[in-house]
There are 2 protein chains.
Amino acid sequence: MRSRGGGSGGIRGRSRFAVLGMLTVEPMSGYDIKKFIETSVAHFWRESYGNIYPLLNRLTEEKLVRRRTQRQKGKPDRHVYSLTARGRTEFLEWLGEPVEAETVRSELLLKLFFGRHLATERLESHLEEYREHQTRLLAALRGTREMLDRNHADHPDLRYWLLTLRRGELVARARLQWARESLHGFAKNPGKK
Amino acid sequence: MRSRGGGSGGIRGRSRFAVLGMLTVEPMSGYDIKKFIETSVAHFWRESYGNIYPLLNRLTEEKLVRRRTQRQKGKPDRHVYSLTARGRTEFLEWLGEPVEAETVRSELLLKLFFGRHLATERLESHLEEYREHQTRLLAALRGTREMLDRNHADHPDLRYWLLTLRRGELVARARLQWARESLHGFAKNPGKK
DNA sequence: GTCCTCATGTAACGGGTTACATGATTCT
DNA sequence: AGAATCATGTAACCCGTTACATGAGGAC
């Protein structure tokens, strides 16, 4: 019996397709992939180097990507990866499959759920911090959007990138609204409702 | 050097405080905890039995909870856990600490981000499914809210429970709005924007 | 008869993070 | 002088899920 356990979906991890997908944009090194993720999908997806590098090696073994090595002076060799035909096929297959249930976990909500045991000021400071975080996030999203409009107005992926940005903005706004509303609620009625 | 690796926050897992917190509501068995989670915080937190039971054993060893065993006919012994003073203290400590950065990963957004490579119908079906999912979620949240108002109108935790529900509703509505808006966008302009 | 609920637990496994290791170059 | 950027990689380790194992009693 060898198909037990494992995250949420057998042997096919989530990260592999993220990486594969980034390579549909253009050939990149592991380092590039990380940077690109940070400036494009960071609001809904992250990867660490400790995940990316071993992954790229596995993908190379599986012939889903091809590696070209560029020698550099004073720096380690730069490995530029590009999709193979098989890699592209597998990626497209995944892309068409229904989205698997997402595991959501919000530590903030968990803390608020038990908020009765928390001093009102602490509770408010949690909300406060959250509000600030969402504000920063919104600003970052707007920044990204402006950057895209400026630098990538003709990029074939632009439309889809904006789609995800838009969701980020709408959700961040809703969270912001909720944080404000909740803070007002506690300001008016510190002890109880 | 023994404090390497590990999720996001050293040896203190996220689940332990979720479990500890549930026991502030009332003493419960592992089974109860799971059920309670499903009817209260499921929209932002989940736990599996395979996590809960071993966790309760560890918490018992660490003297953060106390176990009472109830014998039953035809069923396994029922273990009812309650917080110890130490357990309560550790829980309250955690409750006051700032919320750690949350890892967000949305497979849907990842797929849409690469949407250029997807046939428009498939892309729409992803959005469609998401829209339905959010609609069901909203209905469930409203159901929970009504249930709370009916059965727990005087529960000391009610206010905080409603707070988390409210966030669930606002965010689900925003996501729903986004899904509709995006579907309209693609209906009008299937090929490109 | 078959399915659901109650009830607890273990084994296997995949996944992903953080910290460490290394080191030249360029910016401040 | 010190920090950040470029660049790749490994080791340790925690976290949590799924599938399996077991079994009585009640509902339909």
Side-chain angles (χ1 to χ4, degrees), chain A residues 1-19 28-39 45-61 67-81 100-105 107, chain B residues 1-19 28-39 45-61 67-81 100-105 107:
Chain A
M1 255 106 284
R2 69 165 307 303
S3 81
R4 295 244 208 98
S8 58
I11 209 162
R12 13 188 63 213
R14 318 135 191 66
S15 299
R16 60 191 290 116
F17 297 107
V19 168
M28 281 189 258
S29 69
Y31 191 83
D32 294 336
I33 289 173
K34 178 92 196 293
K35 294 297 151 192
F36 185 65
I37 286 175
E38 274 164 18
T39 58
W45 203 273
R46 273 156 206 269
E47 292 293 345
S48 63
Y49 288 126
N51 200 19
I52 291 174
Y53 286 120
L55 229 175
L56 284 169
N57 286 324
R58 282 190 56 195
L59 292 173
T60 306
E61 280 171 39
R67 164 165 48 205
R68 264 172 305 142
T69 303
Q70 294 174 351
R71 281 209 199 112
Q72 302 185 119
K73 26 171 185 190
K75 292 179 198 171
D77 286 358
R78 188 178 139 85
H79 300 324
V80 179
Y81 297 88
E100 286 180 49
E102 308 187 359
T103 314
V104 199
R105 286 192 144 192
E107 199 183 307
Chain B
M1 253 103 282
R2 67 163 309 302
S3 79
R4 292 243 210 99
S8 59
I11 209 161
R12 12 188 65 213
R14 318 136 191 69
S15 297
R16 61 193 287 119
F17 297 107
V19 167
M28 282 189 258
S29 69
Y31 191 83
D32 295 337
I33 288 173
K34 178 90 195 295
K35 294 296 151 193
F36 184 66
I37 285 175
E38 275 164 17
T39 58
W45 203 272
R46 274 157 206 268
E47 291 294 344
S48 63
Y49 289 126
N51 200 19
I52 291 174
Y53 286 120
L55 229 174
L56 283 169
N57 286 324
R58 282 188 55 195
L59 292 173
T60 307
E61 281 170 38
R67 164 165 48 205
R68 265 171 304 141
T69 303
Q70 294 174 352
R71 285 218 192 105
Q72 303 185 118
K73 28 177 182 183
K75 292 179 199 170
D77 286 358
R78 188 178 138 85
H79 300 323
V80 179
Y81 296 88
E100 285 181 49
E102 308 187 359
T103 314
V104 199
R105 283 192 147 191
E107 199 182 307

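Note that these values count all heavy atoms, side chains included, but never hydrogens, waters or copies made by symmetry.
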Check step by step if side-chain contact (heavy atoms from CB on, under 4.5 Å) holds for B/R67 and B/N57. CA-CA 9 Å; B/R67 164 165 48 205; B/N57 286 324; 3.0 Å; yes
What integer distance in Å separates [X]:[atom1] from [N]:[atom2]?
X: B/R16; N: D/dC14; atom1: CZ; atom2: P; answer: 12 Å
X: A/R14; N: D/dG16; atom1: CZ; atom2: C1'; answer: 10 Å
X: A/I33; N: D/dC6; atom1: CD1; atom2: P; answer: 15 Å
X: A/I52; N: C/dG15; atom1: CD1; atom2: C1'; answer: 14 Å
X: A/L55; N: C/dT17; atom1: CG; atom2: C1'; answer: 14 Å

Parallel, tilted or perpendicular, judged at 30° and 60°: which one describes the rings of B/Y49 and B/Y53? parallel
Taking OP1 and OP2 of [N], is either one under 4.0 Å from a side-chain nitrogen or oxygen of [X]?
X: B/R46; N: D/dG16; value: no
X: A/S48; N: C/dT17; value: yes
X: A/R105; N: D/dG16; value: yes

Could you work out how much the helix from C/dG1-D/dC28 to C/dT28-D/dA1 bends, comparing the axis of its first five pairs with that of its last five, to 10°? 50°
Going through the distances and angles, do A/E107 and B/F17 end up as a side-chain contact (heavy atoms from CB on, under 4.5 Å)? CA-CA 10 Å; A/E107 199 183 307; B/F17 297 107; over 6 Å; no
Heavy atoms, side chains only, cut-off 4.5 Å: are A/R78 and A/Y31 in contact? no
Find out whether B/K34 and B/I52 are in side-chain contact, i.e. whether some heavy atom of one side chain is under 4.5 Å from a heavy atom of the other. yes
A/D32-A/S29 side chain donor-acceptor pair, cut-off 3.5 Å: yes
Assign a letter to each nucleotide of nucleotides 5-10 of chain C from its 5' end: B, base within under 4.0 Å of a protein heavy atom; S, sugar-phosphate only; -, no contact. SBBBBB
Taking only Lys NZ, Arg NE, NH1 and NH2, and the carboxylate oxygens of Asp or Glu, determine whether B/R105 and A/E47 approach each other closer than 4.0 Å. yes
Under the side-chain hydrogen bond (donor to acceptor under 3.5 Å, both in side chains) test, which residues partner A/R46, sequence neighbours left out? none
Euclidean distance, A/K35 NZ relative to A/I37 CD1, rounded to 0.5 Å: 11.0 Å
